[in-house]
Amino acid sequence: MSSPRSGVLRRLRSRAATTAATVATTASRLTGRGAGGMIGGLVANAIDPSIMENLGRGRPAVLVTGTNGKSTTTRMLAAAVRTRHTVATNDGGDNMDAGIISALLAGKDASHIVLEVDELHVPSVAERLRPQALVLLNLTRDQLDRVGEINKIERALRGAVMANPEMLVIANCDDVLMTSVAYDAPNVVWVSAGAGWIGDSVSCPRTGGHVVREVDDWWAVKPLPDGRTFRRPTPTWTITDDGLSSPHGDSALDLKLPGRANRGNATQAIAAAVEGCDVPLADAVAAAESVDNVAGRYSTIRLGERDIHLLLAKNPAGWQEALSMVDRSADGLVIAVNGQVADGEDLSWLWDVRFEDFEGLAVKAAGERGTDLAVRLTYADISHELIPDPLKAILACPTGRIEVLANYTAFRDLKAALQKETTRG
């Protein structure tokens, strides 16, 4: 049993952590060293390791995780929950401990919490925040040098689900790995959100048995150790070409964001808002439809006589989806790739992406690892020009609409460069 003195010390430590974090965040922004999304959390956690738990105590929390779509789904879900409650959320995409703490500090007076969480951090964050709901999007290969093999992540997420039996799980039943994570959860809502990339789910993560796919169904040929067949669960929420179907009724869905993957993200966000936060279906749909960009992704920037449309992709599944969104009638295409720690230094995944023929487009390969990309484009028989600086690559394209597809740090740095150029102009 803790003494009154220890309780006072904990409160003083928490107050000191909060004050120091506020000072650090403000200084970071004023000096232009960053947006402050990380530094405050780093400082607060160093002073008070229990700060995340303290900030989250007593507030309903929903976590969103998966390889792709975390930021978009979180933005839509936060918008939906905000129709009924105040919300603390990490809308800048900082989804590890420091970023989460910073978001909780910034929204310390909000009644509800909606967070995107890096897959590796879900077990520890769930242990500290005890969320009322967890949204499971998809699992595919990502940064092998940081994350490791996806079956390892599946086991970690499955452990987090089993450690929180009261938690509502909103899971994509079209994704074999996320289905395995949620398969034994006592409180699960199954959503058919689609699975555009299936190259990483050809076998059952629990038995290694081959997975057979047939139209909208899939199953593993080898039974689970308890004799059950591991098979696609029947969804109660489904995305369709026209809208979505749910136990609460059908609804049209007219998103501002492009691509079928975002329709799946929206369906899971809406399901989480309705089933986990008691938001009416119509309000949740309207909120998802209102989202028009996510931290600059999908945005268009005017620079001189060029309209530059920005797309972000970080792994094979994300690149394949983003490639399908590229406007083939554009006047130019810049593909930019870096290989920094935040991107993953291993770019061998470039060979898994089915780069298509961009006939008639002026294609530029750019980024710090532009040469790696240029080799891949050469083998894909795509005519291109290597210009390492993404901004110079854009300016080398014809005037008009320019499509830009970039991975994480290339996207971040290019966005800053474009903002600087537009301000100068």
Could you walk me through whether D307 and T300 pass the side chain to side chain donor-acceptor pair (under 3.5 Å) test, one step at a time? CA-CA 6 Å; D307 287 316; T300 299; over 6 Å; no

Verdict with supporting geometry, I153 and T67, side chain to side chain contact (heavy atoms under 4.5 Å, CB included): CA-CA 10 Å; I153 304 302; T67 308; over 6 Å; no

Run the side chain to side chain donor-acceptor pair (under 3.5 Å) test on T73 and Q268 for me, step by step, so that the C-alpha distance in whole Å, both residues' side-chain angles and the decisive distance to 0.1 Å come before the verdict. CA-CA 7 Å; T73 306; Q268 289 198 254; over 6 Å; no

Could you check D242 against T240 for side chain to side chain donor-acceptor pair (under 3.5 Å), going step by step and ending with a plain yes or no? CA-CA 5 Å; D242 299 320; T240 67; 5.2 Å; no

Can you list the steps and then say if D118 with V125 is a side chain to side chain contact (heavy atoms under 4.5 Å, CB included)? CA-CA 10 Å; D118 176 82; V125 172; over 6 Å; no

Could you please spell out the steps behind the side chain to side chain contact (heavy atoms under 4.5 Å, CB included) verdict for R228 and D184? CA-CA 11 Å; R228 289 178 299 163; D184 299 313; 2.9 Å; yes

Evaluate the criterion side chain to side chain contact (heavy atoms under 4.5 Å, CB included) for residue pair L129 and M52; output intermediate values, then yes/no. CA-CA 7 Å; L129 294 184; M52 186 190 297; 3.9 Å; yes

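For the pair R231 and D217, the salt-bridge criterion is met [side-chain N within less than 4.0 Å of a carboxylate O]. Taking 4.0 Å as the cut-off between side-chain N and carboxylate O, E119 and K70 count as a salt-bridged pair.
Using a distance-only test at 3.5 Å, with no hydrogens or angles considered, no donor-acceptor pair links the side chain of R369 to the main chain of G367. Under the 3.5 Å distance criterion, the side-chain polar atoms of T89 are matched with a main-chain donor or acceptor of V114. Listed for the R158 side chain is no donor-acceptor partner under 3.5 Å among the backbone atoms of A160. Under a 3.5 Å cut-off, the side chain of R306 and the backbone N or O of L395 do form a donor-acceptor pair. The main-chain N or O of A193 is found under 3.5 Å from a side-chain atom of N172 such that the two form a donor-acceptor pair.
Atoms CG and CZ, from L255 and R263 in turn, are 6.0 Å apart once rounded to the nearest 0.5 Å. In this structure, CG in L120 is found 7.5 Å from CE in M96, a value given to the nearest 0.5 Å. For the atom pair L55 CG and L104 CG, the distance stands at 5.5 Å (nearest 0.5 Å). Here the CG atom belonging to L137 is positioned 9.0 Å from the CG atom belonging to D175, to the nearest 0.5 angstrom. Taking CG from L312 and OG1 from T72, the interatomic distance works out to 9.0 Å, rounded to the nearest 0.5 Å. Interatomic distance, CD1 of I101 versus CG of D48, reported as 9.0 Å (0.5 Å rounding).
Residue pairs meeting the side-chain hydrogen bond (donor to acceptor under 3.5 Å, both in side chains) criterion with at least one partner in residues 389-400, sequence neighbours excluded, do not occur; the list is empty. Counting only residues at least two apart or in different chains, ring-ring contact (aromatic ring centres under 6.0 Å, His included) contacts with residues 302-338 comprise W319-W349. Sequence neighbours left out, the pairs with a member in residues 43-92 that pass ring-ring contact (aromatic ring centres under 6.0 Å, His included) are H85-H112. The salt bridge (charged side-chain N to carboxylate O under 4.0 Å, His left out) pairs that include a residue from residues 283-294 are R84-D283, where partners are two or more places apart or lie in different chains. Applying the ring-ring contact (aromatic ring centres under 6.0 Å, His included) definition to pairs two or more places apart or across chains, none involves residues 265-297.
Residues satisfying the ring pair (Phe, Tyr, Trp, His ring centres under 6.0 Å) criterion with Y183, sequence neighbours excluded, are F230. Legend: residues meeting side chain to side chain contact (heavy atoms under 4.5 Å, CB included) with E275, ordered by chain and number and at least two apart, are L168, V189, W237, P247, H248. Looking at residues two or more places apart in sequence or on another chain, you find a side chain to side chain contact (heavy atoms under 4.5 Å, CB included) between A195 and D174, I198. Under the side chain to side chain contact (heavy atoms under 4.5 Å, CB included) criterion, A61 pairs with I113, P131, not counting sequence neighbours. Remark: R59 engages no residue in a salt bridge (Lys or Arg N to Asp or Glu O under 4.0 Å) (not counting sequence neighbours). The side chain to side chain contact (heavy atoms under 4.5 Å, CB included) test applied to A410 returns A336, N338, A406, N407, not counting sequence neighbours. Applying the side-chain hydrogen bond (donor to acceptor under 3.5 Å, both in side chains) criterion to N68, with sequence neighbours excluded, gives N315.
Pairing each heavy atom of G339 with each of E368, the nearest pair is N-OE1, 4.3 Å. Among all heavy-atom pairs drawn from V291 and R75, the shortest one is CG1-CG, 3.7 Å. Across all their heavy atoms, V341 and E345 have their closest contact at CG2-OE2, 3.4 Å. When every heavy atom of S203 is checked against every heavy atom of V176, the shortest pair comes out as O-CG1, 4.3 Å. P235 approaches V191 most closely through the heavy-atom pair CB-C, 4.2 Å. Contact record, D109 with T86: O-OG1, 4.2 Å, taken as the closest heavy-atom pair.
You'll find the side chain of V274 stays beyond 4.5 Å of the side chain of S246, heavy atoms only. For the pair I170/V62, no side-chain contact is recorded, criterion being any heavy-atom separation below 4.5 Å from C-beta on. Considering only heavy atoms from C-beta on, E127 stays 4.5 Å or farther from N164 through its side chain. Here the side chains of T179 and C173 are in contact, with some heavy-atom distance below 4.5 Å. Taking the side chain as every heavy atom from C-beta outward, L310 and L418 approach each other to under 4.5 Å. Considering only heavy atoms from C-beta on, L136 comes within 4.5 Å of T65 through its side chain. Contact of the C277 side chain with the Q132 side chain is registered, since non-hydrogen atoms from C-beta on lie closer than 4.5 Å. The closest side-chain heavy-atom distance from L115 to T74 is not below 4.5 Å.
When only modelled atom types and interatomic distance are considered, R213 and S201 share a side-chain donor-acceptor pair under 3.5 Å. Side chains of R232 and S192: a donor on one and an acceptor on the other come within 3.5 Å. Side-chain atoms of D413 and T409 include no donor-acceptor pair closer than 3.5 Å.
Just one of R297, E321, E403 meets the side-chain contact (heavy atoms from CB on, under 4.5 Å) condition when paired with L311; it is E403.
Heavy-atom contacts from other residues, nucleotides or ligands closer than 6.0 Å to OH of Y298 number more than 12.
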